[in-house]
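Structure, as structure tokens:
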Amino acid sequence: MIAITGASGHLGKATIGFLINKIDPANIIAVVRDPEKMKDFPGIQVRVADYDDAASLRDALSGVKTLLQISSASYGDHATQQEKNVVDAASGAGVQHIVYTSTVNPGSQPIFFGSQTNQHTENAIRASGITYTFFRNSMYMETIPQFIGSAMEDGQIFYPAGEGKVSFVARTDIAEALANVLAAGEKHANAAYDITGTGAYSFSDIATLLASEKGLPASYTDIPASAFRDELVKLEMPPIAVDFYISMADSVKAGEFAHVDGALEGLLQRKRVVLKDYVRSL
Ligand SMILES: NC(=O)c1ccc[n+]([C@@H]2O[C@H](COP(=O)([O-])OP(=O)(O)OC[C@H]3O[C@@H](n4cnc5c(N)ncnc54)[C@H](OP(=O)(O)O)[C@@H]3O)[C@@H](O)[C@H]2O)c1
């Protein structure tokens with residue numbers, strides 16, 4: 001039995017979409033808050049659990065051999081506690097292998113809050129003694145439209161990341177590679193993979209791509225972090241979310257997402273999606 005937390009999200013659904021063609025769908029368990037969201041996958045099992053409810057997670061992971069633990073969508077200490085709840089539940093339920101989605105190239109003291117959470121969870125998984133496979137993902141190409149906002153219309157990007165580069169990777173490539181690893185089992189025991197695109201790109205580079213691939217009069221302005229913070233506050237985000245997004249920009253500026261690695265092509269056994277082609281498809 002292979003269970004997937006966060007199964008109703010973009011990465012979870014995409015991974016299940018590949019996995020149902022590799023193993024018997026009856027052996028896939030989607031762990032979700034809302035079963036209605038899984039009705040596009042009629043052959044799989046669906047169990048209800050919430051990251052904030054340890055007992056529900058223990059029940060949902062009963063009889064599971066392999067778990068794809070998709071990282072929490074929350075922030076800071078809350079995210080760290082949610083992910084610890086999943087690891088504890090997996091440990092209690094006798095799960096033998098956790099495949100966990102972490103963040104690329106985590107240094108010893110990452111700036112990005114998400115990387116800090118992922119480090120805690122990697123450590124908790126290692127401490128549990130459960131076999132692990134870490135997918136240390138760079139940023140998804142599919143998040144670029146959120147970063148660049150109205151630049152999709154006018155080409156003008158405003159973001160406080162200096163000339164920091166990101167090794168953007170297609171979420172669909174990650175999903176297919178995850179499905180390959182889940183189907184292959186112990187071959188990937190106790191491995192950590194940096195999952196990145198083919199190169200690293202600054203937001204200036206993205207502006208250049210918007211110009212060449214979409215014909216937009218594009219440019220990038222490196223705004224002060226304080227101006228970005230003011231914009232996020234205006235959106236009435238909770239303060240912890242504001243700090244999370246500021247930490248993301250600071251981490252890009254510091255080069256935390258610039259690492260490029262070839263592991264993904266080994267897991268896919270084919271070439272990765274190239275950023276230029278993704279931008280052209282927008
Ligand atoms: N590398 C990147 O660029 C990047 C970008 C964004 C996020 N991420 C990380 O990667 C993860 C997967 O990405 P994604 O695109 O699939 O994110 P997503 O579409 O936002 O999916 C998040 C998933 O988490 C579930 N979830 C949220 N709160 C939960 C809770 N309290 N208990 C149980 N499940 C809960 C959601 O369930 P519902 O359907 O019920 O809401 C959904 O299935 C994210 O959670 C985040 O940690 C990475």
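Order of listing sets the numbers, starting from 1, for every ligand and every atom in it. Worth saying up front: this structure is predicted, and the values here are computed from it rather than measured.
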Quiz item: If you take all heavy atoms of Thr103 and Ser115, which pair is closest and at what distance?
Solution: CG2-OG, 3.4 Å
Quiz item: How far is atom 14 (P) of ligand 1 from its nearest protein heavy atom, and which residue and atom is that?
Solution: Leu11 N, 3.9 Å
Quiz item: Numbering the atoms of ligand 1 from 1, which are under 4.0 Å from a heavy atom of Ile70?
Solution: 11 (C), 12 (C)
Practice problem: Mark the output for Gln82 as yes if a heavy-atom distance to ligand 1 is under 4.0 Å, and as no if none is. | Solution: yes
Quiz item: Are the ring centres of Phe228 and Tyr159 closer than 6.0 Å?
Solution: yes
Practice problem: Among Phe112, Phe168, Tyr140, Phe203, find the residue that satisfies the ring pair (Phe, Tyr, Trp, His ring centres under 6.0 Å) test when tested with Phe257. | Solution: Phe112
Quiz item: Which residue supplies the protein heavy atom nearest to atom 36 (C) of ligand 1, what is that atom called, and how far is it?
Solution: Ser8 OG, 4.1 Å
Self-check item: Distance filter under 4.0 Å to Ser72 heavy atoms, resulting ligand 1 atoms
Solution: 45 (O), 46 (C), 47 (O)
Quiz prompt | Contact with ligand 1 for Arg171, non-hydrogen, under 4.0 angstrom | solution = yes
Exercise. Say whether Asp34 and ligand 1 are in contact under the criterion: heavy-atom distance to a ligand atom below 4.0 Å.
Key: no
Quiz item: Is Arg229 salt-bridged to Asp243, cutoff N-O under 4.0 Å?
Solution: yes
Exercise. Considering only NZ, NE, NH1 and NH2 on the basic side and carboxylate oxygens on the acidic side, decide whether Lys234 and Asp230 come within less than 4.0 Å.
Key: no
Quiz item: Does an N or O anywhere in Met139 fall below 3.5 Å from an N or O of ligand 1?
Solution: no
Quiz prompt | Salt bridge present between Glu163 and Lys253 (N-O < 4.0 angstrom) | solution = no
Quiz item: Counting only heavy atoms on the protein side, is anything nearer than 4.0 Å to atom 17 (O) of ligand 1?
Solution: no
Quiz item: Can you find a side-chain donor-acceptor pair between His259 and Ser138 that sits under 3.5 Å?
Solution: no
Quiz prompt | Heavy atom of the protein closest to atom 22 (C) of ligand 1 (residue, atom name, distance) | solution = Ala73 CB, 4.1 Å
Quiz item: Which residue and non-hydrogen atom of the protein lie closest to atom 1 (N) of ligand 1, and at what distance in Å?
Solution: Ser138 O, 3.1 Å
Exercise. Consider every N or O of Gly12 and every N or O of ligand 1, then say whether any pair is closer than 3.5 Å.
Key: no
Self-check item: Heavy-atom side-chain contact between Asn27 and Ile2 under 4.5 Å
Solution: no
Quiz item: Just distances here: any N/O of Asp50 and N/O of ligand 1 closer than 3.5 Å?
Solution: yes
Practice problem: Kindly state each residue pair satisfying ring-ring contact (aromatic ring centres under 6.0 Å, His included) with at least one member in residues 1-52, sequence neighbours excluded. | Solution: none
Practice problem: Among all protein heavy atoms, pick out the one at the shortest distance from atom 45 (O) of ligand 1; state its residue, atom name and that distance to 0.1 Å. | Solution: Ser71 O, 2.7 Å
Quiz item: Considering all protein heavy atoms, does one lie under 4.0 Å from atom 20 (O) of ligand 1?
Solution: no
Practice problem: For atom 27 (C) of ligand 1, find the nearest protein heavy atom and state the residue, atom name and distance (0.1 Å precision). | Solution: Arg33 NH2, 3.5 Å
Please tabulate, for side-chain N and O atoms in residues 174-182, each donor-acceptor pair with protein atoms closer than 3.5 Å (sequence neighbours left out).
unit_1, atom_1, unit_2, atom_2, d
Glu176, OE1, Arg270, NH2, 2.7
Asn180, OD1, Lys22, NZ, 2.8
Asn180, ND2, Leu267, O, 2.9

Quiz prompt | Lys37: numbered ligand 1 atoms lying under 4.0 Å from its heavy atoms | solution = 38 (P), 39 (O), 40 (O), 41 (O)
Quiz prompt | Modelled atom types, side-chain donor and acceptor of Gln81 and Asn85, under 3.5 Å | solution = yes
Quiz item: Among Tyr140, Tyr51, Phe257, whose heavy atom sits nearest atom 48 (C) of ligand 1?
Solution: Tyr140
Practice problem: Inspect the contact between Asp205 and Lys165 and indicate whether a charged nitrogen and a carboxylate oxygen are less than 4.0 angstrom apart. | Solution: yes
Quiz item: Where is the nearest protein heavy atom to atom 25 (C) of ligand 1: which residue, which atom, and how far?
Solution: Gly6 CA, 4.1 Å
